Amino acid sequence: MNGFHRLGDELYVEELPLSKIADIYGTPAFVYSQATIKAAYMDFTNAFADYPHQVCYAVKANSNIAILDLLARLGAGFDIVSGGELQRVIAAGGDPGKILFSGVGKQDWEIRTALEKNIACFNVESASELARLVRIAEEDGQVAPVAIRVNPDVDAKTHPYIATGLKESKFGVAPEEALSMYIDAKQSAHLKIVGINCHIGSQITDSAPYLVALGRLIALIDELQRHNISIRQIDLGGGFGIRYKDETPLPINAFAVAILQMMEGRDEQLIFEPGRMIVANAGILLTKVNTLKSNGGKHFAVVDAAMNDFIRSAYYQSWQDISLVKQPADVDSNPVASKIWDLVGPICETGDYLAKDRQLAIMEGDLLAIHSAGAYGFVMSSNYNTRGRAPEILIRGNEHFCVRKRETIEDQLRLEALPGK
Ligand code: LLP
């Protein structure tokens with residue numbers, strides 16, 4: 001299901017024309033379809049309905065509390081990577097008993113707060129972290145639930161910045177090291193071994209890397225069993241890919257069939273940490289064409305969104321679909337001739353672009369939608385060039401809710417001060 005669709009000349013989000021959202025909230029603005037998020041979450045959990053499982057949404061993909069609240073009400077748990085994300089989940093009414101804490105560099109205060117809140121599991125990524133967890137749990141008179149994040153050394157065949165399961169990446173530990181960490185963990189009265197975990201990368205479109213990873217986790221679980229260590233949960237991480245352009249990701253049902261086939265005869269609970277698949281195609285970045293210009297034979301559409309609002313294009317050379325919000329149904333009747341444009345932002349860097357070489361018939365003042373911006377969009381935005389971050393608008397049918405206001409200059413200056421004279 002995709003909440004963005006065309007009706008006549010206009011692009012709609014659910015029952016509202018995007019031009020109306022732009023009139024009310026201005027541009028640039030992130031716009032999310034609640035129904036699309038809900039459908040993606042339900043598709044995911046339903047795909048595994050025949051097997052004990054828990055979906056723990058990866059908060060980093062989109063951490064707006066309205067979205068966390070929606071997912072919490074649908075039964076989601078949460079995968080967090082910071083104390084800040086923990087506070088967001090709690091602020092949104094999420095159940096700490098369904099929170100997993102991932103990340104290679106957890107700080108003492110973050111571990112302490114997570115212990116206090118009784119989260120479900122720490123996904124431990126090094127022997128040093130395990131020792132630190134024992135020390136803090138001991139100091140606080142707590143027992144920490146743990147899973148070790150194993151680096152299964154599989155090639156997820158994705159962008160190098162988001163491949164995390166190769167042995168030379170900073171994530172997790174090799175299976176041999178995990179084995180000795182589990183043996184150590186078993187000795188501690190302040191640790192409770194609950195599971196095993198991996199996360200091999202992001203935007204993965206095929207089941208093969210998951211199956212290789214799962215096979216390696218299962219081999220380790222069986223070996224642990226021989227040491228009398230029992231593992232109740234297998235967390236396969238996130239990474240399920242979506243269609244941005246012409247990718248053909250396996251539908252989640254097909255991922256599920258392949259994964260569940262390997263689980264035949266086993267009874268460990270499965271855990272997943274999807275982020276992108278739940279929210280990416282539920283969001284767009286709405287932007288307005290500010291200036292059209294041509295330099296050296298190239299045509300540039302300078303829009304009011306920039307790399308500070310949405311960095312995926314510049315940082316990963318990602319391809320995002322772009323469409324005109326008001327597109328005459330008959331393209332030939334467009335008063336403007338179509339040309340090939342680079343969509344760039346106002347930031348003082350040549351790398352500040354949102355899309356390259358797109359055939360569009362546009363004029364200054366036109367509204368554009370940058371699609372698939374619901375994941376790793378707003379959360380990666382910054383104040384570079386002292387630009388206020390864009391608002392986030394959640395749509396539910398014919399209702400619109402501003403779930404984060406546009407940042408003002410006062411918001412930015414509030415934390416700064418002149419030094420004393
Ligand atoms: N679990 C862990 C431990 C992760 O590190 C990640 C993502 C996820 C789950 C969720 O992965 P997903 O299902 O969203 O693929 N900013 C990049 C993506 C970075 C992903 C980092 N880790 C992008 O815009 O493509």
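Keep in mind it's a predicted model, so treat the numbers as computed, not measured. Ligands are counted one by one from 1 in listed order, and the atoms in each one are counted from 1 as well.
Between Phe101 and Glu110 the shortest side-chain heavy-atom distance falls below 4.5 Å.
For ligand 1, the polar-atom distance check against Ser102 finds no nitrogen or oxygen pair separated by under 3.5 Å. Taking any N or O of Gly237, backbone or side chain, none lies under 3.5 Å from an N or O belonging to ligand 1.
Not a single heavy atom of Ala61 lies less than 4.0 angstrom from ligand 1.
Proximity of Arg149 to ligand 1, defined as any heavy-atom pair under 4.0 Å, is confined to the side chain (atoms from C-beta onward). Residue contacts with ligand 1 for Glu273 involve both N, CA, C or O and side-chain atoms from C-beta outward (heavy atoms, distance under 4.0 Å). At a heavy-atom distance under 4.0 Å, only side-chain atoms of Arg312, from C-beta outward, approach ligand 1. Contacts between Asn123 and ligand 1, counted as non-hydrogen atom pairs separated by less than 4.0 Å, are absent for every part of the residue. Counting heavy atoms under 4.0 Å from ligand 1, residue Ser202 touches it through both backbone and side chain. When heavy-atom distances to ligand 1 are checked against a 4.0 Å cut-off, Met380 comes that close only through its side chain, counted from C-beta outward.
By the 4.0 Å N-to-carboxylate-O rule, Asp108 lies close enough to Arg132 to be salt-bridged with it.
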task = Could you give me the CA-CA distance, side-chain angles and deciding distance for Glu139 and Arg135, then say whether salt bridge (charged side-chain N to carboxylate O under 4.0 Å, His left out) is met?
result = CA-CA 6 Å; Glu139 283 169 12; Arg135 174 179 53 76; 3.4 Å; yes
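Under the side-chain hydrogen bond (donor to acceptor under 3.5 Å, both in side chains) rule, Thr27 has a single partner from Asn290, Asp304, Thr287, which is Asp304.
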